[in-house]
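Below is one structure, written out as structure tokens; comments come after it.
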Amino acid sequence: MSIKHYLQFKDFTRDEYDYIFARARWIKQQFKTYQQYWPLTDRTLVMIFEKASTRTRLSFEAGIQQLGGSAIYLNTQDSQLGRGEPVEDAAQVISRMSDIVMIRTFEQSIIERFAANSRVPVINGLTNEYHPCQILADILTFIEHRGPIQGKTVAWIGDSNNVCNTWLQAAEVLDFNVHVSTPPGYEVEPERAGLYGHAHYEEFADPMDAARDADLVTTDVWTSMGFEAENEERMRDFADWQVDAEMMKAAKADALFMHCLPAHRGEEVAAEVIDGPQAVVWDEAENRLHIQKALMEYLLLGRIEKP
């Protein structure tokens, strides 16, 4: 069987996603009812962090352990990757000593090179360009609260970052619409988001127009990791792109609010929104755990018709 990696959202088909979302809900139910489920006994996950994280490390490490496996944490200070070892060489060695690898790094090309030289599945835990595991969790959360996302409208307000790019890929695969509103100069880069011929994407200069009649309004911090030097400038440029109560009123009455966290109340989102009844950010954060368990199970074992 050929090795399957998960490096971008478009790596899987809609049929595969239907399976993984259903599987995640079953695995989550086992967790909630304290039913032991260890399909990955003796399997080892190596987690490589070139970018720091709370939710990614916790969800992957807890997830593999809850499936019966174990996790090894490496950062650039703990490995030769931080001392100039070629990515290709590191992949050859690490993949001979583990069963699956998750990498949180900078350029997408790094993870692509690693996967090309790996003997085991590789998962994108975040790159500058894409964050597929986050959108997996977000869509699982939407399904739990509102049913299928097909045909729905997601409003992305703020920076056209890796999360935004991944929403756009997801819209193409799963047949829903994305409205994007960014300040001038921060627009989506077409080559990153695959916008050529994209039938599910619309750009709006006014964020209120983007949010109008949306089923889901979502955002992220204005200054992503690696752009801290631009923080003051971004605070000025993004001032009118805060998701507040007025913007949520423009969306559908039952619209959800999501944020991949960490959040800065009073910047990209008003406290009354993220702490309000339409926000599902804590379910969203928890679902990183359950959807990644389904993802790891699928990459290692393929489809399981019965538990």
Side-chain angles (χ1 to χ4, degrees), residues 2-13 16 45-53 55-57 60 72-136 156 159-173 180 182 185-198 201 220-221 223-230 260 288 292 295-296 299:
S2 62
I3 300 166
K4 196 166 188 67
H5 303 295
Y6 192 61
L7 310 183
Q8 299 184 37
F9 199 93
K10 66 180 183 181
D11 287 347
F12 288 175
T13 65
E16 287 177 298
L45 164 71
V46 171
M47 307 181 299
I48 302 172
F49 285 85
E50 293 195 284
K51 284 189 174 185
S53 169
R55 279 153 293 277
T56 297
R57 179 177 179 182
F60 271 106
I72 297 173
Y73 170 84
L74 295 175
N75 61 38
T76 46
Q77 283 70 48
D78 298 329
S79 70
Q80 295 298 330
L81 274 174
R83 303 182 185 94
E85 180 175 20
V87 171
E88 292 79 3
D89 293 1
Q92 291 275 3
V93 174
I94 292 168
S95 66
R96 285 170 180 253
M97 299 184 186
S98 61
D99 299 285
I100 189 166
V101 177
M102 184 282 298
I103 304 177
R104 185 177 171 96
T105 187
F106 295 92
E107 292 78 21
Q108 181 75 11
S109 60
I110 295 173
I111 201 167
E112 300 277 356
R113 288 162 55 201
F114 191 103
N117 290 274
S118 174
R119 293 184 169 199
V120 301
V122 176
I123 296 172
N124 180 353
L126 174 144
T127 61
N128 291 345
E129 291 89 343
Y130 304 112
H131 198 356
C133 290
Q134 181 63 54
I135 303 309
L136 277 177
W156 176 269
D159 191 18
S160 61
N161 62 10
N162 49 5
V163 183
C164 176
N165 290 338
T166 308
W167 269 117
L168 292 167
Q169 281 197 358
E172 283 281 80
V173 177
V180 175
T182 69
Y186 297 91
E187 293 87 358
V188 173
E189 296 179 22
E191 65 278 8
R192 283 190 173 187
L195 291 186
Y196 302 111
H198 198 302
Y201 161 73
D220 196 357
V221 295
T223 307
S224 298
M225 264 185 286
F227 295 90
E228 289 80 4
E230 302 175 9
C260 61
R288 285 287 300 276
Q292 288 164 189
L295 175 63
M296 289 188 287
L299 290 173

| message | Within the 4.5 Å heavy-atom criterion, are V180 and W167 side-chain neighbours or not? | response | no
| message | Testing the basics here: between M296 and I123, what is the closest heavy-atom pair and its distance to 0.1 Å? | response | CG-CD1, 3.8 Å
| Out of I100, D99, V101, which residue meets the side chain to side chain contact (heavy atoms under 4.5 Å, CB included) rule with L45? | I100
| V173 versus F12: any side-chain heavy-atom pair under 4.5 Å? | no
| Inter- and intrachain pairs under side chain to side chain donor-acceptor pair (under 3.5 Å), touching residues 113-124, at least two apart | E88-R113, Q108-N124
| query | Okay, side chain of N165, backbone of E129: is any donor-acceptor separation there less than 3.5 Å? | reply | yes
| note | Tightest non-hydrogen contact, residues I3 and H5, listed as CG2-CE1, 3.5 Å
| said: Are L136 and F9 packed together at the side-chain level, in the sense that at least one heavy-atom pair is separated by less than 4.5 angstrom? | reply: yes
| Which atom names give the shortest non-hydrogen contact between V122 and L7, and what distance separates them? | O-CD2, 3.6 Å
| Do you know the tightest heavy-atom contact between D11 and Y6? | OD2-C, 3.7 Å
| task | Would you indicate whether the side-chain heavy atoms of T223 and E230 approach each other to under 4.5 Å? | result | no
| field | Any donor-acceptor pair under 3.5 Å from E187 side chain to G185 backbone | value | yes
| field | Nearest heavy-atom neighbours spanning S98 and V120 | value | O-CG1, 3.3 Å
| query | Does NZ or CZ of R57 fall inside the cone over Y73's six-membered ring, less than 6.0 Å from its centre and within 45° of the axis? | reply | yes
| query | Under 3.5 Å, is there a donor-acceptor pair between the side chain of D89 and the main chain of E85? | reply | no
| Flag side-chain contact, heavy atom, 4.5 Å: C133 against F60 | yes
| Counting only N and O atoms by type, is there a donor-acceptor contact under 3.5 Å from the side chain of T127 to the main-chain atoms of T105? | no
| Under 4.5 Å between any side-chain heavy atoms of L168 and V188, yes or no? | yes
